[in-house]
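Heads up, the thing below is written out as structure tokens.
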Amino acid sequence: MARICPDCNVPLEAREFQGVTIDACSKCAGIFFDEGEVGRIKAQGLAAFDALEDAVVPTIDVEAIADRPRACPSCGTTMDKFRYMYSSKLMLDECERCGGIWVQDGELRHMRQVLQEQGLQRPAVSIAQGKKADRPASGYADRMRKVHQFILSVGGRAA
């Protein structure tokens, strides 16, 4: 089954980027990462985030895309919002069911900036310290474990 962009409703294109196959939208430049793929990109250095942003360029006005609930391109489950690195202003979409992450155009650069500002430190806060307003009605502990694993995969110290 083809993966569909949750913002543009067009099929995502599988693209090879530095040994990782990502799914990208040719219109809005959104990128879907299967579980673990963001960490594999980050392991190549934070500059890889900018290189990937430059490789996937939108062909439409991405400012016009509404911030609304998104369906996971992989399994169709409604994705949950989470605050990247707990204290940043960046909100990303994550699928509780399959662990995939949807990143809109420009968010990879923002992720790199957050990591640089925080000195690439692993988060010092516990996963239980998430905002109550961000908690879904069920599955919160499982979701936070996945988010914590994601943060550790992209927030660890660069080699």
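- Surrounding CG of Asn9 are at most 12 heavy atoms belonging to other residues, nucleotides or ligands under 6.0 Å away.
- Under the 3.5 Å distance criterion, with hydrogens and angles disregarded, a donor-acceptor pair is assigned to the side chains of Ser74 and Arg3.
- Hydrophobic cluster membership differs between Val103 and Ile60, with clusters built from Ile, Leu, Val, Met, Phe, Trp and Tyr side chains linked at under 4.5 angstrom.
- Atoms CD1 and SG, on Ile65 and Cys25 in that order, are 7.5 Å from each other to the nearest 0.5 Å.
- Under the 4.5 Å side-chain heavy-atom criterion for Ile, Leu, Val, Met, Phe, Trp and Tyr, Met79 and Met111 are members of distinct hydrophobic clusters.
- Side-chain contact annotation: Gln113 with Arg109, donor-acceptor N/O pair under 3.5 Å absent.
- Connection of Val20 to Phe32 is not established within any shared hydrophobic cluster, with ILVMFWY side chains joined at heavy-atom distances below 4.5 Å, either directly or through further cluster members.
- The closest donor-acceptor contact from the side chain of Glu53 to the backbone of Gly106 lies under 3.5 Å.
- Crowding of Glu63 atom CD: a count of heavy atoms from other residues, nucleotides or ligands under 6.0 Å not exceeding 12.
- Here the shortest heavy-atom pairing between Arg97 and Cys75 reads CD-SG, 3.6 Å.
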task = List the steps, then state whether side chain to side chain contact (heavy atoms under 4.5 Å, CB included) holds for Glu13 with Asp23.
result = CA-CA 5 Å; Glu13 298 174 358; Asp23 299 293; over 6 Å; no
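- Note: the hydrophobic cluster containing Trp102 does not contain Ile31 (ILVMFWY, side chain heavy atoms under 4.5 Å, direct or indirect links).
- Taking CD of Gln116 as the start and CG of Leu46 as the end, the distance is 5.5 Å to the nearest 0.5 Å.
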ask   = Would Tyr84 and Ile101 satisfy side chain to side chain contact (heavy atoms under 4.5 Å, CB included), going step by step from the backbone distance to the final call?
value = CA-CA 11 Å; Tyr84 180 66; Ile101 304 287; over 6 Å; no
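- The distance from the CZ atom of Arg112 to the CD atom of Glu117 is 9.5 Å, given to the nearest 0.5 Å.
- Salt bridge annotation for Asp67-Lys81: present, with a cationic side-chain nitrogen under 4.0 angstrom from a carboxylate oxygen.
- Within the 4.5 Å cutoff, the side chain of Cys5 has no heavy atoms near those of the Pro73 side chain.
- Pairing each heavy atom of Ile22 with each of Phe17, the nearest pair is CG1-CB, 4.5 Å.
- At distances below 3.5 Å, at least one donor-acceptor pair connects side-chain atoms of Glu37 with backbone N or O atoms of Asp34.
- The backbone N or O of Ser26 sits less than 3.5 Å from a side-chain atom of Thr59, completing a donor-acceptor pair.
- The hydrophobic clustering, which links ILVMFWY residues whose side-chain heavy atoms are closer than 4.5 Å, places Leu115 and Phe82 together.
- Annotation: side chain of Cys72 is not in contact with side chain of Pro6 (no heavy-atom distance under 4.5 Å).
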query = Between Arg70 and Thr78, does a side chain to side chain contact (heavy atoms under 4.5 Å, CB included) hold up when you go through it step by step?
reply = CA-CA 6 Å; Arg70 293 178 170 86; Thr78 299; over 6 Å; no
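- Considering all non-hydrogen atoms of both residues, Ala48 and Gln44 come closest at CB-CB, 4.3 Å.
- Note: Asp93 CG to Arg68 CZ = 10.0 Å, rounded to the nearest 0.5 Å.
- Nearest heavy-atom pair across Lys27 and Cys8 is CB-SG, 3.8 Å.
- Contact annotation: the side chain of Ser87 approaches that of Gln118 to within less than 4.5 Å [non-hydrogen atoms, C-beta and beyond].
- Between Leu90 and Arg83 there is no side-chain heavy-atom pair separated by less than 4.5 Å.
- Shown here for Asp105 and Ala29, the closest heavy-atom pair between the two residues is OD1-CB, 3.7 Å.
- Annotation: side chain of Val62 is not in contact with side chain of Gln104 (no heavy-atom distance under 4.5 Å).
- Summarising the geometry of Arg15 relative to Val56, their closest heavy-atom pair is NH1-CG2, 3.5 Å, with the distance given to 0.1 Å.
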